[in-house]
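Right, one structure below, let's go through it.
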There are 2 protein chains.
Amino acid sequence: MKRNTWQREAVREALDDTEGFISAQALHGALHQTGSPIGLATVYRALGDLAANGEADSLQSPDGEALYRACSTTGHHHHLICRNCGLTVEIAADEVEAWAKRVAADHGFTAAAHVVDVFGLCANCTKLLAAGEQPLA
Amino acid sequence: MKRNTWQREAVREALDDTEGFISAQALHGALHQTGSPIGLATVYRALGDLAANGEADSLQSPDGEALYRACSTTGHHHHLICRNCGLTVEIAADEVEAWAKRVAADHGFTAAAHVVDVFGLCANCTKLLAAGEQPLA
DNA sequence: GTGATTTTGACAACCATTATCAATAAGCGT
DNA sequence: ACGCTTATTGATAATGGTTGTCAAAATCAC
């Protein structure tokens, strides 16, 4: 039987309050900052459940971290994510939608879904890192 | 200065001989089976270098493993992957490259990298699944 | 060949994630 | 409302992939 716990609800809300993607660790940290004593393992479990239920989306960052986002029922869009500070901008991508569909069709693929996310350094972090750092990508 | 070592060459060849994607660990294992005493750390380094040079492609498996593949085209490209049988097609995406760059620039982002992969059902699997199955994405 | 320097590789360190398991608490039947 | 059953929690250990360390070995310029 599935029980309702305040922890699961807390994770769901924290995820809803988050713009774009967030890692399990970051979400755990955010929850702690609000005073919630929720455990890390529980956050992982809750996120896994949400993803399994289709209430959340997950993707792998280039660094191999698993990132989660609240599954917005408000439609399909993509993200521009700062790999330094985590700032996320939602981006419409009609152009890419069309491209993905066409490419899939050209190769006989059906039921095409796609993962399209852009990672970079936001303007602010670019300035901060300009003092000597060399980003690799 | 960059030096030529048999280890690096061995990794490059092993990768060339591999159909599709392979993990660093698996590649290390394969090399050992052929009698090569190459070290694991070296395999990781070589793969990283190849990927940085655009001679290899890397992507994150759903399990968080990094998978590598010899790049048939030396340029940057993306993948169309059958979520049923794993068939992978390399796709050029100049259109998307341009889009990604423009979107990043529009928002003041720099050092933009992007994850663009299309998952679907290849023609063959579409036929196979036509008999009643309903893919989830 | 000699020497400066890169590269290697065994192993430790790291980090995200998962498993463990006793303690806790949710929800059912009463 | 109470107790009981059992899912859930959470501190911690374990896991597994990947990266850092650093002495030893190999490479290239000369």
Side-chain angles (χ1 to χ4, degrees), chain A residues 1-15 18 21-53 55-69 81 83-84 86 119 133-137, chain B residues 1-15 18 21-53 55-69 113 115:
Chain A
M1 178 203 311
K2 189 170 183 175
R3 296 178 182 177
N4 276 349
T5 61
W6 62 266
Q7 286 98 332
R8 232 181 283 248
E9 201 53 40
V11 168
R12 192 193 316 253
E13 282 183 21
L15 197 60
T18 301
F21 291 91
I22 188 170
S23 71
Q25 309 260 355
L27 195 68
H28 176 238
L31 281 165
H32 262 203
Q33 279 188 345
T34 69
S36 178
I38 191 171
L40 177 58
T42 303
V43 173
Y44 273 100
R45 275 188 292 244
L47 285 174
D49 286 351
L50 287 174
N53 281 15
E55 298 186 57
D57 262 347
S58 68
L59 66 81
Q60 300 280 341
S61 85
D63 308 327
E65 263 185 301
L67 302 182
Y68 297 86
R69 74 171 163 178
I81 305 161
R83 73 165 67 91
N84 191 61
F119 293 85
E133 292 306 314
Q134 195 72 272
L136 32 139
Chain B
M1 177 202 312
K2 189 170 183 175
R3 296 180 182 177
N4 277 348
T5 61
W6 63 265
Q7 286 97 334
R8 233 181 284 250
E9 201 53 40
V11 168
R12 191 193 317 253
E13 283 182 20
L15 196 61
T18 302
F21 289 92
I22 189 172
S23 71
Q25 309 259 355
L27 196 68
H28 176 237
L31 280 165
H32 263 203
Q33 279 188 346
T34 69
S36 178
I38 191 171
L40 178 59
T42 304
V43 173
Y44 273 101
R45 276 187 292 244
L47 285 174
D49 286 351
L50 288 175
N53 282 14
E55 299 185 57
D57 235 355
S58 69
L59 64 81
Q60 300 281 341
S61 84
D63 310 326
E65 262 186 301
L67 302 182
Y68 295 88
R69 192 169 87 148
V115 177

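Proteins come first, then strands; the chains are lettered A, B, ... in the order of their sequence lines, and each starts at number 1.
- Once rounded to the nearest 0.5 Å, the distance linking CG of A/Leu59 with OH of A/Tyr68 reads 10.0 Å.
- Note on B/Gln7: every side-chain N or O is 4.0 Å or more away from OP1 and OP2 of D/dA26.
- Phosphate proximity of D/dT27 to B/Thr5: absent, as no side-chain N or O sits under 4.0 Å from OP1 or OP2.
- Side-chain atoms of A/Ser36 never come within 3.5 Å of backbone atoms of A/His32 as a donor-acceptor pair (strictly under, hydrogens ignored).
- What separates CG of A/Asp49 from C1' of D/dT9 is a distance of 13 Å, to the nearest Å.
- How far CZ of A/Arg8 is from CD1 of A/Ile38: 10.0 Å, rounded to the nearest 0.5 Å.
- We find that CD of A/Glu9 is positioned 13 Å from P of C/dA26, with the value rounded to whole Å.
- Put simply, CZ on B/Arg45 and CD on B/Gln7 are 9.5 Å apart, with the number rounded to the nearest 0.5 Å.
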Report all interatomic pairs (protein N or O, nucleotide N or O of nucleotides 3-6 of chain C) with separations under 3.5 Å.
unit_1 : atom_1 : unit_2 : atom_2 : d
C/dT5  : O2     : B/Arg3 : NH1    : 2.8
C/dT5  : O2     : B/Arg3 : NH2    : 2.9
C/dT6  : O4'    : B/Arg3 : NH2    : 3.4
C/dT6  : O3'    : B/Met1 : O      : 3.0
C/dT6  : O2     : B/Arg3 : NH1    : 3.3

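- Taking atom CD1 of B/Ile38 as the reference point, atom C1' of C/dA10 lies 14 Å away to the nearest angstrom.
- The two residues B/His28 and B/Leu40 have their closest heavy-atom pair at NE2-N, 3.4 Å.
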What string of B, S and - do you get for nucleotides 15-22 of chain D, 5' to 3', when a contact is any protein heavy atom under 4.0 Å? --SBBBB-
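- Counting to the nearest Å, the C1' atom of C/dT17 and the CG atom of A/Leu27 are 15 Å from each other.
- Between B/Asn4 and B/Glu9 there is no side-chain heavy-atom pair separated by less than 4.5 Å.
- For the pair A/Leu50 CG and D/dT8 P, the interatomic distance rounds to 13 Å; values are reported in whole Å.
- Here the CG-NZ distance, from A/Asp49 to A/Lys2, works out to 5.5 Å after rounding to the nearest 0.5 Å.
- A salt bridge does not link B/Asp57 with B/Arg69: none of the charged nitrogens is closer than 4.0 Å to a carboxylate oxygen.
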